[in-house]
Engineer: 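Handing you this structure, nothing more for now.
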Amino acid sequence: MTHWAFDYIGTPWTRDGNDCWQFFRRVQAERFGRIVPAFDVVSHQAIVCARAVAENPERANWVAVDVPQEGDAVLMAHARHPSHIGLWIDVDSGGVLHCLNGPGVVFQKVKQLKASSWGHLEFYRHV
């Protein structure tokens with residue numbers, strides 16, 4: 001039996017419909033029944049995106065956790081401020097399903113993320 005998340009692997013990244021945020025919203029709705037609102041970010045600069053995520057009212061519906069579970073949000077940063085989002089998936093000892101410009105949707109374990117310069121990970125659970 002394969003995990004549902006693998007149906008998404010390879011789905012292409014697109015600026016207008018399947019970036020990391022849109023992908024996160026889609027999977028939350030399709031697999032977990034959570035409607036995560038859209039928000040516009042006119043810039044593709046990491047710091048602008050990080051501020052938009054930090055200031056979004058939806059953030060109040062998610063609490064920080066130390067140990068992620070299936071479907072939890074994973075905020076990722078190259079430095080201090082998160083600028084990318086994915087979902088924790090409980091398969092093969094756990095990892096993150098996320099959508100990148102280039103390869104599209106990928107599944108990566110924490111070691112792979114850190115090797116790809118996503119050195120800072122934060123985990124959030126919907127309440």
Side-chain angles (χ1 to χ4, degrees):
M1 176 191 283
T2 60
H3 192 278
W4 60 261
F6 292 101
D7 292 341
Y8 293 99
I9 302 290
T11 303
W13 180 95
T14 61
R15 182 173 294 223
D16 297 327
N18 200 48
D19 59 17
C20 67
W21 181 251
Q22 296 302 323
F23 176 71
F24 175 80
R25 291 181 64 238
R26 177 178 158 209
V27 176
Q28 286 294 321
E30 290 177 2
R31 298 295 175 169
F32 301 98
R34 299 177 190 131
I35 303 304
V36 179
F39 64 98
D40 291 327
V41 178
V42 287
S43 175
H44 290 282
Q45 295 176 359
I47 192 68
V48 174
C49 294
R51 284 187 192 126
V53 169
E55 296 168 1
N56 189 293
E58 175 63 16
R59 185 119 184 220
N61 296 323
W62 298 78
V63 295
V65 295
D66 293 327
V67 179
Q69 295 177 355
E70 182 91 3
D72 285 350
V74 182
L75 293 182
M76 295 172 260
H78 291 297
R80 218 175 86 177
H81 302 288
S83 60
H84 186 59
I85 191 166
L87 298 100
W88 184 262
I89 303 301
D90 284 334
V91 67
D92 194 23
S93 301
V96 180
L97 187 70
H98 60 119
C99 191
L100 294 166
N101 186 353
V105 177
V106 296
F107 173 80
Q108 292 182 294
K109 298 176 86 42
V110 171
K111 276 186 170 183
Q112 293 170 312
L113 288 166
K114 292 189 180 215
S116 300
S117 77
W118 294 109
H120 181 76
L121 304 177
E122 297 174 8
F123 307 108
Y124 292 87
R125 183 162 303 135
H126 191 265
V127 292

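Model, not experiment: these values are computed from the prediction. Residue numbers run from 1 in the order of the sequence given.
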Engineer: Are L87 and D72 side-chain neighbours, meaning at least one heavy-atom pair lies under 4.5 Å?
Structural biologist: no
Engineer: State, yes or no, whether a side-chain contact exists between D66 and F123 at a heavy-atom distance under 4.5 Å.
Structural biologist: no
Engineer: Whether the side chain of H3 engages the backbone of V91 through a donor-acceptor N/O pair (distance < 3.5 Å, no angle test) should be reported.
Structural biologist: no
Engineer: Is the W88 to F24 ring centre distance short of 6.0 Å?
Structural biologist: no
Engineer: For the rings on F23 and Y8, is their centre-to-centre separation under 6.0 Å?
Structural biologist: yes
Engineer: Hydrophobic cluster membership, with links at side-chain heavy-atom distances under 4.5 Å among I/L/V/M/F/W/Y: are M76 and F107 in one?
Structural biologist: no
Engineer: Is a donor on one side and an acceptor on the other found under 3.5 Å between the side chain of K109 and the backbone of V96?
Structural biologist: no
Engineer: Distance only, no hydrogens: is a donor on one side chain within 3.5 Å (strictly under) of an acceptor on the other, for W13 and Q22?
Structural biologist: no
Engineer: Give the minimum heavy-atom separation between S116 and Q108, together with the two atoms involved.
Structural biologist: OG-NE2, 3.6 Å
Engineer: Under the salt bridge (charged side-chain N to carboxylate O under 4.0 Å, His left out) rule, collect the residues that match up with R34, sequence neighbours excluded.
Structural biologist: none
Engineer: Over all heavy atoms of both residues, which pair between L97 and A5 is shortest? Give the atoms and the distance, please.
Structural biologist: CD2-CB, 3.8 Å
Engineer: With sequence neighbours excluded, tell me which residues meet side chain to side chain contact (heavy atoms under 4.5 Å, CB included) with E122.
Structural biologist: R59, L75, P82, H120, Y124
Engineer: Given side chains that start at C-beta, do those of C20 and H84 come closer than 4.5 Å, heavy atoms only?
Structural biologist: yes
Engineer: Considering all heavy atoms of both residues, which atom of G71 and which atom of W62 are nearest to each other, and what is their separation?
Structural biologist: O-CZ3, 4.5 Å
Engineer: For the side chain of D90 and the backbone of E70, is there at least one donor-acceptor N/O pair under 3.5 Å apart?
Structural biologist: yes
Engineer: Given the rule in the side-chain contact (heavy atoms from CB on, under 4.5 Å) test, do L100 and V106 qualify, once you have shown the distances and angles that lead to the verdict?
Structural biologist: CA-CA 7 Å; L100 294 166; V106 296; 3.9 Å; yes
